[in-house]
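Single-structure report; data block below.
Hydrogens, waters and symmetry mates are skipped; everything else that's a heavy atom, side chains included, is used.
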Amino acid sequence: MNLSPFELPSLNPLRLCRQLVVALVALVVVGGATRVMEAGLACPDWPLCYGSLLPSRQMNLQVFLEWFHRLDAFFVGIGLVLLLVSSILNRRDNPRWLPWLSGLALLLVAAQGALGALTVTQLLRFDIVTAHLATALLLVALLSAIAQLLRPPVAGPRPRGAFLLCAVAGSLVFAQCVAGGLMATQWASGRCLRVAEGCAWLSAHRSLATPAASCCALLAILLLAFPCPPFARRLGVAAGALAACQVVLGVLTLKLSLSEPLVTVAHQLLAALLVATLPAAALALRPSTSVEFSRG
């Protein structure tokens, strides 16, 4: 087989996008663990940690969490560069929109890196940390959407309103995650439970939980009750199950007064998985003729 030197035949964009979604979910979770363990400034400099790539002399759990968080972000950036370069060089074999969405993802990860630097240099200012989280979640949603768009649309019936319901659920979940980030970065839940301060942030986070979880539950019921593509049904049911578990973990987190870091981190993990699942479910429910898969 004769290959042009400008082709990357072994790079499968769908597989790479799926791997990037996993890496981004891990990035969000490790970032949450870093906050819970109060390790956000465990590496006092940026982009190195104690002036080195691997701070072996200073290594402990807190330093490891912050160091690994940065390492994961670095590999995500490399993966997005590969995705963009491959989509441009092999554009005849890929959808026309892939270079544009890959470029958008790369811009978001660049913004994510800049916010990460500001997180350290501005000593964990709550608005910067929350923007850092929101950008990471946008990346999760975008890469999950790209991966689903790279799958061929499946013919067959879709329940009426399922796509819209899924989009609304995704928007509510994202808003709840950002509200949770604002609450967590100000330690508002702990202050509310101890001294009744900052309770407005906790109330905002909880007030979004009911409509978000309700939409996810309705989506799962709708996809179980009416004909739809099997893959879309699995995603919708997974979203409903994740939302139910998320509610349980949220209640448990408050019952334990935030004393169990693993429960808090698990709560953040399910949130990231929901953000990844709902865009994929929405696009799996799109009409089979709604997306143009033209080659460039």
Side-chain angles (χ1 to χ4, degrees), residues 23-47 49-50 55 58-74 76 109 111-140 173-195 197-202 204-206 208-209 246 249-276:
L24 283 164
V25 169
L27 187 67
V28 172
V29 173
V30 174
T34 300
R35 182 195 60 80
V36 170
M37 299 301 294
E38 300 184 28
L41 295 176
C43 293
D45 48 346
W46 192 95
C49 185
Y50 288 98
Q58 296 85 6
M59 189 65 73
N60 55 33
L61 177 59
Q62 290 181 313
V63 173
F64 174 79
L65 286 171
E66 176 63 12
W67 172 81
F68 186 79
H69 182 62
R70 297 182 187 184
L71 182 67
D72 191 3
F74 172 77
V76 167
V109 86
Q112 176 78 346
L115 288 167
L118 287 172
T119 295
V120 176
T121 59
Q122 296 298 311
L123 304 179
L124 306 181
R125 213 174 80 185
F126 81 93
D127 52 343
I128 295 175
V129 177
T130 304
H132 188 56
L133 170 65
T135 307
L137 292 173
L138 280 175
L139 271 166
V140 170
V173 167
F174 180 79
Q176 190 192 15
C177 289
V178 174
L182 284 168
M183 175 190 71
T185 53
Q186 298 179 86
W187 303 97
S189 53
R191 290 190 293 119
C192 180
L193 294 173
R194 289 192 302 270
V195 294
E197 292 181 357
C199 295
W201 294 110
L202 178 59
H205 182 59
R206 294 175 67 179
L208 286 167
Q246 181 75 334
L249 283 175
V251 173
L252 187 59
T253 298
L254 293 178
K255 291 288 185 182
L256 294 172
S257 301
L258 310 178
S259 61
E260 293 294 335
L262 287 179
V263 176
T264 304
V265 172
H267 188 55
Q268 295 163 344
L269 169 62
L270 293 191
L273 290 175
L274 263 174
V275 170

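- Side-chain contact between V265 and L269: absent, with no pair of heavy atoms (C-beta onward) separated by less than 4.5 Å.
- Within the model, atoms OG1 of T135 and CG of L115 stand 5.0 Å from one another, a figure rounded to the nearest 0.5 Å.
- Sorted by first and then second residue, the salt bridge (Lys or Arg N to Asp or Glu O under 4.0 Å) pairs with a member in residues 256-271 form an empty list; sequence neighbours excluded.
- Nearest heavy-atom pair across V140 and A276 is CG1-CB, 3.6 Å.
- Taking CZ of R206 as the reference point, atom SG of C199 lies at 9.5 Å (rounded to 0.5 Å).
- Taking both residues in full, the closest heavy atoms of V28 and A136 are given as CG2-CB, 3.8 Å, listed atom of the first, atom of the second, then distance.
- Taking CG from L249 and CG from L262, the interatomic distance works out to 11.0 Å, rounded to the nearest 0.5 Å.
- Here T119 pairs with L124, I128, V129, H132 under the side-chain contact (heavy atoms from CB on, under 4.5 Å) rule; sequence neighbours left out.
- Heavy-atom minimum distance, W46 versus G113: CZ2-O, 3.6 Å.
- Across all non-hydrogen atoms, the minimal contact from L133 to C177 is CD2-O, 3.9 Å.
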Contacts table for residues 30-42: side-chain donor-acceptor under 3.5 angstrom, sequence neighbours left out:
| from | atom 1 | to | atom 2 | distance (Å) |
| --- | --- | --- | --- | --- |
| T34 | OG1 | V30 | O | 2.7 |

I'd like a table of donor-acceptor pairs (distance under 3.5 Å, sequence neighbours excluded) in which one partner is a side-chain atom from residues 63-71, with atom names and distances.
| from | atom 1 | to | atom 2 | distance (Å) |
| --- | --- | --- | --- | --- |
| E66 | OE2 | R70 | NE | 3.0 |
| E66 | OE2 | R70 | NH2 | 3.3 |
| W67 | NE1 | L53 | O | 2.7 |
| H69 | ND1 | L27 | O | 3.3 |
| R70 | NH1 | D45 | O | 2.8 |
| R70 | NH1 | P47 | O | 3.3 |
| R70 | NH1 | L48 | O | 2.7 |
| R70 | NH2 | C43 | O | 3.3 |
| R70 | NH2 | D45 | O | 2.9 |

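- Identified under the side-chain hydrogen bond (donor to acceptor under 3.5 Å, both in side chains) test for residues 263-274, with sequence neighbours left out: Q246-H267.
- For F174, the side-chain contact (heavy atoms from CB on, under 4.5 Å) partners two or more places apart in sequence, or in a different chain, are A134, L137, L138, V178.
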